[in-house]
Amino acid sequence: FLSLAYRYFCISNQFFDIATAEDIRYISQQLEIATPPDWESYQADTKKRHKQIILDYMGVKPFSHPDTRQLIEEKLLHCARCQLGRRESI
């Protein structure tokens, strides 16, 4: 489960509550697991723990992190300044 959740996150930057049978079979083959796991048996507490492991490993902070608002404001100000500078040079 962890490997598949990690791959989904790497591809889409988000987590999913479902997985395709094809993806489960593929990961199982890559990891040489004879019997693919049933995604429905992926326990909520395990899924939550895996999400945190992946976020920590990738260095991603949850969107609700206290610094998030300041970071977004700084990025928006930077983008706005870039747009204003572009208009002034036209």
Side-chain angles (χ1 to χ4, degrees):
F1 296 126
L2 179 62
S3 297
L4 188 54
Y6 172 72
R7 288 302 306 144
Y8 280 164
F9 187 79
C10 286
I11 292 168
S12 66
N13 290 321
Q14 59 183 333
F15 294 102
F16 296 94
D17 291 327
I18 59 171
T20 67
E22 182 180 342
D23 290 342
I24 294 170
R25 277 193 304 276
Y26 177 78
I27 291 289
S28 296
Q29 288 173 346
Q30 295 299 306
L31 298 174
E32 299 179 359
I33 298 171
T35 306
D38 176 21
W39 189 264
E40 298 299 317
S41 66
Y42 193 11
Q43 299 292 319
D45 59 336
T46 303
K47 189 182 299 185
K48 184 177 180 179
R49 191 173 71 251
H50 286 174
K51 286 179 182 181
Q52 192 57 55
I53 290 169
I54 292 166
L55 292 172
D56 290 345
Y57 178 74
M58 300 290 290
V60 176
K61 295 178 184 175
F63 196 69
S64 61
H65 191 274
D67 297 335
T68 303
R69 182 181 175 100
Q70 180 180 351
L71 177 65
I72 291 172
E73 287 174 355
E74 289 172 5
K75 294 290 183 185
L76 287 173
L77 284 171
H78 174 75
C79 290
R81 287 184 189 120
C82 288
Q83 288 296 329
L84 287 174
R86 213 180 271 169
R87 285 186 186 158
E88 292 171 2
S89 65
I90 294 179

What verdict does the side-chain contact (heavy atoms from CB on, under 4.5 Å) test give for Ile24 and Asp38, after you've listed the backbone C-alpha separation in whole Å, the side-chain angles of each residue and the deciding distance to 0.1 Å? CA-CA 8 Å; Ile24 294 170; Asp38 176 21; over 6 Å; no
Could you go through Tyr6 and Met58, starting from their C-alpha distance and side-chain angles, then the distance that decides it, and tell me whether this counts as side-chain contact (heavy atoms from CB on, under 4.5 Å)? CA-CA 9 Å; Tyr6 172 72; Met58 300 290 290; 3.6 Å; yes
Apply side-chain contact (heavy atoms from CB on, under 4.5 Å) to the pair His50 and Tyr42, showing each step before the final yes or no. CA-CA 10 Å; His50 286 174; Tyr42 193 11; 2.7 Å; yes
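To the nearest 0.5 Å, atoms CZ (Arg25) and CD (Gln29) are separated by 8.0 Å. A distance of 8.5 Å separates CD in Gln43 from CZ in Phe1, rounded to the nearest 0.5 Å. For the atom pair CG of Leu2 and CZ of Arg7, the computed distance is 12.5 Å after rounding to the nearest 0.5 Å. Gln30 contributes atom CD, which lies 7.0 Å from atom CD1 of Ile27 (distance to the nearest 0.5 angstrom). Rounded to the nearest 0.5 Å, atoms CG (Leu77) and CD1 (Ile72) are 12.0 Å apart.
Leu31 and Leu4 fall within a single hydrophobic cluster, where Ile, Leu, Val, Met, Phe, Trp and Tyr side chains are chained together by heavy-atom contacts under 4.5 Å.
Ile11 CD1: more than 12 foreign heavy atoms inside a 6.0 Å radius. In the displayed structure, Phe16 atom CZ is contacted under 6.0 Å by more than 12 heavy atoms of other residues, nucleotides or ligands. Residue Glu73 qualifies as enclosed at atom CD: its count of foreign heavy atoms under 6.0 Å is above 12.
Shown here are the side chain to side chain contact (heavy atoms under 4.5 Å, CB included) partners of Thr20, two or more places apart in sequence or in another chain: Tyr8, Glu22, Asp23.
Of all non-hydrogen atoms in Leu55 and Phe9, the two that sit nearest each other are CD2-CZ, 3.8 Å.
Using a 4.5 Å heavy-atom threshold, the side chains of Lys47 and Lys51 count as touching.
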